[in-house]
Amino acid sequence: MSKFLIIDGNSLMYRAYFALPDLMNSEGMHTNAIYGFSMMLLKLLEEEKPDYIAIAFDKKASTFRHKEYSAYKGTRQSMPEELIEQVDILKDVINAFNIKTIEIEGFEADDIIGTVSKIASESGMDVLIVTGDRDALQLVSANVKVKICKKGITQMDEYDEKAVFEKYEVTPLQFIDLKGLMGDKSDNIPGVPNIGEKTAIKLVKEFGSIENLLMNTDKLKGKIKENVENNAELAVLSKRLATIERNVPIDIDLNEYAVKNYDVNKLTELFEKLEFSSLISDLKDDSRDTKDIKEWPVRDFTYVKNVLGKFDVLSLYPFIYDGKIKAVSFACGDGSFFVEIDDYDNFKLLNNDKLTLIGHDLKDFLVNISYCGIELNCKILDTAIMTYLLNPSESNYDISRVLKKYLKEDLQNIDDIVGKGRNKKSYDDIDKKLLVDYMCSAASNLSKLKDKLMSFIKEMEMEDLLKNVEIPLIEVLKSMEVYGFTLDKDVLRSISKEIDEKTDKIVKDIYDAAGYEFNINSTKQLSEFLFDKLNLPAIKKTKTGYSTDMEVLAELIPYNDIVGEIIEYRQLMKLKSTYIDGFIPIMDENNRVHSTFKQTVAATGRISSTEPNLQNIPVREEFGRRIRKAFVSSYEDGLIISADYSQIELRVLAHLSEDEKLIESFLNNEDIHLRTASEVFKVSKEEVTSEMRRRAKAVNFGIVYGISDYGLSKDLKISRKEAKEYIDNYFDRYKGVKNYIDSIVKFAKENGYVTTILNRRRYIPEINSKNFNQRSFGERMAMNTPIQGSAADIIKMSMVKVYNELKERGLKSRLILQVHDELIIDTHPDEVEIVKELLKSIMENIIKLKVPLVVDIGQGKNWYDAK
DNA sequence: TGACTCACG
DNA sequence: ACGTACGTGAGTCAG
């Protein structure tokens with residue numbers, strides 16, 4: 001926990017002045033207060049090692065207490081001449097220590113200390129108050145301690161709650177009552193006449209507070225009773241005067257009080273003038289010790305420039321806050337340092353093709369600066385992606401987790417520094433020291449992390465995958481994100497209107513049928529309507545009640561016409577909320593939406609798309625498919641060109657399994673589902689009906705997913721027995737596939753993982769589980785991952801090549817989207833033919849498999865027409 | 001925040 | 001006997 005040291009400057013200055021003999025330098029200047037103060041400061045810094053420090057001073061002005069009691073501090077003598085002449089120099093010394101002072105018009109140091117200690121302790125710091133005044137004991141709490149000068153200038157007593165109670169037998173807050181009763185000569189607080197420390201302690205112990213005492217004076221007797229009763233008002237006033245104000249209206253940024261190295265040169269110069277030779281030698285010793293450890297590694301871009309002249313590998317870790325890069329930490333052979341960002345143009349310094357930038361999630365950073373027009377041509381390496389390759393099933397690749405796992409480095413969690421949700425701090429409120437520490441340790445560990453990860457990657461033979469696919473893909477995805485997909489708002493609006501009209505009618509019908517109004521979006525209320533009101537049969541249960549999903553509703557259609565309307569309502573609401581209401585507000589000034597593509601999320605190696613998800617735009621149903629009419633080219637008269645791999649997963653399966661029949665089918669460019677139907681149903685291809693083909697298609701899907709009779713039976717709504725027959729027939733005809741599936745499951749059981757064509761690896765610990773479900777799940781993953789993952793490998797390779805080819809040829813057309821087996825190019829009208837040729841030749845030839853890869857190209861003025 | 005539902009390959 | 005098809009992301013409700 002951070003420690004905030006706050007010093008009562010006036011109090012310590014007086015203490016030093018009175019405790020030391022009258023020292024003078026050769027110029028005849030009095031120096032004892034400065035000397036003593038400096039001694040105390042050095043000692044405190046060394047012993048307490050605070051993270052933050054501030055020194056409070058009284059401000060010469062009438063304080064609020066004078067307004068209440070004109071005699072307040074009336075007996076105090078004015079400051080002696082010999083001390084006055086030291087004040088300004090002392091403040092120079094403090095300044096050279098790089099310590100900030102706090103003075104506020106109208107308030108005493110006490111009140112500043114009371115307020116600052118409250119703020120600091122409330123923000124979770126430990127506070128240590130140093131003063132010569134016992135009054136401060138009232139500020140002691142669980143995380144506030146007070147150090148009080150005892151004798152001379154070096155001896156101090158430290159008080160926590162327990163120590164206060166042990167010594168004075170009252171709580172810190174009762175200290176105020178104590179002073180209210182006994183008064184204080186030095187502050188001229190009157191108190192109650194004839195009540196001294198002894199009596200005051202007795203009374204506070206017995207009654208708890210002055211207020212309670214005054215309500216119970218009947219329990220007192222003799223002189224004490226008389227005195228208290230006659231001076232009730234005085235007691236209350238005294239208490240108020242003795243109470244340290246803890247809510248002084250100050251606007252304070254605790255970060256500004258982070259401990260910094262003192263300015264050795266300035267301090268030495270001052271001490272020389274003051275002739276504090278012993279302190280000068282202390283100073284030098286200390287500064288050597290602390291310099292390395294406590295160096296405040298905050299630099300600017302001039303420093304970055306110097307570093308870049310010396311090193312060709314640089315680690316970078318940015319702090320992106322509210323979409324802006326607020327700061328960056330760098331690390332290189334010279335150590336690590338932190339730079340606040342005021343001008344993105346400074347990043348142009350990194351534009352150097354000899355430079356290798358190591359980062360963790362570099363795309364975030366590159367996208368961010370790209371929006372400001374800055375493109376870097378340096379080489380890059382990304383430790384997040386490396387970690388993902390080593391194990392793509394992790395739930396996240398936060399830097400703190402990765403460093404802990406691979407380097408056993410403990411890094412504070414960034415959420416603890418910045419805060420989360422409604423506790424998120426404003427940038428200025430973030431503890432700068434923690435942030436700098438966090439970022440510098442992140443950056444300074446990246447290079448070591450990279451080495452470690454690289455050794456594992458080489459061991460697993462994933463170096464090619466990393467260097468030829470995943471790393472180059474960063475720039476491709478960055479470009480896709482920054483470029484965006486252009487939408488036609490009018491198309492969205494007109495579909496929206498159409499949906500509104502339809503749903504208005506449907507909602508009325510449903511309410512009429514129910515006889516009451518309810519929220520159709522609520523599964524709970526909908527199931528009450530369906531299963532209680534209409535008494536329809538509840539087919540499926542969920543954890544929380546009866547299911548109302550599509551499968552259930554479809555079966556309920558024959559029972560009541562309203563069910564059809566409910567289904568339609570659901571579909572329309574989904575379209576409107578997700579694809580229209582969800583998209584319009586995120587369009588930029590050029591009518592584009594910018595998705596974020598995630599490279600480290602899908603365990604199979606696929607990329608995913610978020611905010612918005614452009615990989616699930618409707619296509620299966622005609623009405624929803626019309627949404628795609630809104631996805632247009634950014635160019636006047638430009639086209640959307642779509643290039644999709646035909647049956648890529650089954651082709652991959654043919655390649656991996658080397659199944660003769662499957663290979664033959666693809667070599668002959670057959671209708672694959674038709675062929676499967678003729679095999680499974682043991683008829684000639686001419687005899688295959690559309691229903692048979694539909695079922696065979698489901699069987700093929702099942703094979704890719706890791707087949708089970710249960711899953712197939714559910715999908716086709718046939719008996720498990722029948723499903724099992726299909727599967728048996730399939731495996732009988734496609735023996736190569738059967739062998740492959742058996743062998744991949746066996747491999748996974750023995751090795752604990754499976755791999756793809758490019759050696760991408762996924763661990764499957766579930767495969768040896770004793771739990772049947774877990775184990776079956778593992779087996780299906782073992783079957784599906786090499787297929788889905790290899791397809792992902794292939795299209796990723798194509799993306800890199802298509803992107804580079806468009807770039808090298810200086811074409812205006814852009815790769816803007818990937819949907820697992822499909823690439824979308826926003827095509828300039830002059831480049832339609834070249835783009836189509838380029839796509840087809842690159843994608844079909846990106847890798848040589850045992851079957852050909854076939855790419856279908858579509859084009860149109862929008863995505864709908866590009867099919 | 002988790003559960004449900006549904007959009008895609 | 002067991003009881004899920006593989007991989008994702010987003011909107012909505014309800015507690």
Side-chain angles (χ1 to χ4, degrees), chain A residues 392-393 421 518-527 540-553 566-567 569-583 586 595-598 601-621 623-625 627-628 644-650 653 698-716 720 723 727 754 762 764 766 769-789 791-792 795 817-822 863:
Chain A
S393 309
F518 65 100
N519 186 346
I520 308 167
N521 293 321
S522 161
T523 44
K524 194 161 164 260
Q525 294 181 42
L526 181 62
S527 69
K540 205 164 55 167
K541 270 202 268 191
T542 66
K543 270 184 194 167
T544 52
Y546 294 122
S547 170
T548 63
D549 67 13
M550 193 50 217
E551 194 190 322
V552 172
L553 294 181
I566 291 172
I567 292 172
Y569 175 84
R570 275 254 178 94
Q571 285 172 340
L572 295 170
M573 286 302 286
K574 173 85 178 178
L575 292 177
K576 186 158 187 297
S577 66
T578 305
Y579 303 103
I580 295 178
D581 297 343
F583 273 61
I586 57 172
S595 180
T596 301
F597 296 101
K598 303 267 178 77
V601 168
T604 51
R606 280 185 172 183
I607 55 174
S608 87
S609 159
T610 66
E611 290 177 294
N613 182 353
L614 292 183
Q615 292 180 318
N616 71 346
I617 305 303
V619 70
R620 292 172 186 170
E621 303 284 339
F623 188 84
R625 190 173 189 150
I627 297 275
R628 295 186 172 218
D644 71 287
Y645 278 112
S646 158
Q647 303 294 352
I648 189 166
E649 294 192 337
L650 286 175
L653 174 63
V699 172
N700 279 329
F701 269 99
I703 298 291
V704 168
Y705 290 159
I707 195 107
S708 75
D709 52 7
Y710 184 81
L712 184 64
S713 73
K714 232 176 70 173
D715 188 40
L716 286 178
R720 259 173 79 177
I727 295 167
V754 291
R762 179 185 187 178
I764 306 178
E766 297 91 338
S769 167
K770 290 188 179 65
N771 177 300
F772 174 87
N773 279 326
Q774 289 283 304
R775 191 169 64 249
S776 306
F777 186 42
E779 289 166 2
R780 291 194 299 276
M781 284 196 291
M783 298 181 230
N784 173 261
T785 298
I787 298 170
Q788 195 183 114
I795 196 157
L817 183 60
Q818 180 251 52
V819 193
H820 309 308
D821 62 357
E822 171 187 20
W863 196 2

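Residue numbers begin at 1 in each chain, while the letters A, B, ... track the order of the sequences.
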Under 4.0 Å protein heavy-atom contacts per nucleotide of nucleotides 4-9 of chain B, with B for base, S for backbone only and - for none: SSBBBB
Figure out the CE/P separation between A:Met573 and C:dC13, and round it to whole Å. 8 Å
How many Å lie between CZ on A:Phe777 and C1' on C:dC2, as a whole number? 16 Å
Mind checking A:Met781 for me? I need base, sugar-phosphate or nothing, with any heavy atom below 4.0 Å counting as a touch. sugar-phosphate
Can you tell me how far apart OH (A:Tyr645) and CG (A:Leu650) are? Round to the nearest 0.5 Å. 15.5 Å
With rounding to the nearest 0.5 Å, note down the distance linking OG1 in A:Thr548 to NZ in A:Lys524. 13.0 Å
Does any donor-acceptor pair link the side chain of A:Ser776 with the base of C:dT4 at a separation under 3.5 Å? no
When A:Thr578 and A:Tyr710 are each assigned the nearest nucleotide of DNA chain C, the 5'-most assignment goes to A:Tyr710
What is the separation between atom CG on A:Leu526 and atom P on C:dG11, rounded to the nearest whole Å? 21 Å
By the 4.0 Å heavy-atom rule, please label A:Ala723 as base, sugar-phosphate, or nothing. nothing
Check the pair A:Val699 / A:Leu712 against side-chain contact (heavy atoms from CB on, under 4.5 Å), numbers first and verdict last. CA-CA 7 Å; A:Val699 172; A:Leu712 184 64; 4.0 Å; yes
Just how far, in rounded Å, is P of C:dG9 from NZ of A:Lys598? 7 Å
Check the phosphate of C:dT4 against A:Asn773, side-chain N and O only, distance under 4.0 Å to OP1 or OP2. Yes or no? no
Just so I know, are the side chains of A:Ile795 and A:His820 near enough to count as touching, which here means a heavy-atom distance under 4.5 Å? no
Rounded to whole Å, CG of A:Leu650 lies from C1' of C:dC6 at a distance of 13 Å
Report which part of the nucleic acid A:Asn519 touches: base, sugar-phosphate, or nothing (heavy-atom distance under 4.0 Å, all strands). sugar-phosphate
Provide, to the nearest angstrom, the distance between the NZ atom belonging to A:Lys576 and the C1' atom belonging to C:dG11. 13 Å
Would you say A:Tyr569's side chain and A:Asn521's backbone share a donor-acceptor pair under 3.5 angstrom? no
Rounded to whole Å, the CZ-P distance (A:Arg775 to C:dA1) equals 15 Å
Given C:dA5, is OP1 or OP2 found less than 4.0 Å from the side-chain N or O atoms of A:Arg780? no
Quote, to the nearest angstrom, the C1' distance that separates B:dC6 from C:dC2. 28 Å
Would you mind classifying the nucleic acid contact of A:Ala792 as base, sugar-phosphate or nothing, using non-hydrogen atoms under 4.0 angstrom? nothing
Backbone of A:Glu611 reached by a side-chain donor or acceptor of A:Thr596 within 3.5 Å: no
Side-chain donor or acceptor of A:Ser595 paired with backbone N/O of A:Asn613 under 3.5 Å: no
Is the OH atom of A:Tyr546 crowded by more than 12 outside heavy atoms at less than 6.0 Å? no
Measure from the side-chain N and O atoms of A:Gln615 to the backbone N and O of A:Gln818, and report whether any donor-acceptor pair falls under 3.5 Å. yes
Reading DNA chain C 5' to 3', what string of ( ), [ ], | and . shows its pairs, if Watson-Crick and G-U wobble pairs count only when both distances fall under 3.5 Å? .....|||||||||.
Mapping A:Gln525 and A:Leu712 to their closest nucleotides on DNA chain C, which lands nearer the 5' end? A:Leu712
Quick note, A:Asp709 side chain, CB onward, closest among C:dG3, C:dC2, C:dA14 is C:dG3
Is the shortest side-chain N/O distance from A:Lys714 to OP1 or OP2 of C:dA5 below 4.0 Å? yes
A:Asp709: which residues meet the salt bridge (Lys or Arg N to Asp or Glu O under 4.0 Å) condition with it, sequence neighbours left out? A:Arg720
Can you check the distance between B:dA7 and C:dG3, where both ends of the measurement are the P atom (answer in whole Å)? 28 Å
Could you tell me the separation between the CD atom of A:Glu611 and the C1' atom of C:dT8, rounded to a whole number of Å? 15 Å
Distance test, side-chain N/O of A:Ser609 to OP1/OP2 of C:dG9, below 4.0 Å: no
Rounded to the nearest 0.5 Å, what's the gap from OG on A:Ser769 to CD on A:Glu779? Could you check? 10.0 Å
Taking the side chain of A:Arg720 as heavy atoms from C-beta outward, which of C:dG3, C:dC13, C:dC6 is closest to it? C:dG3
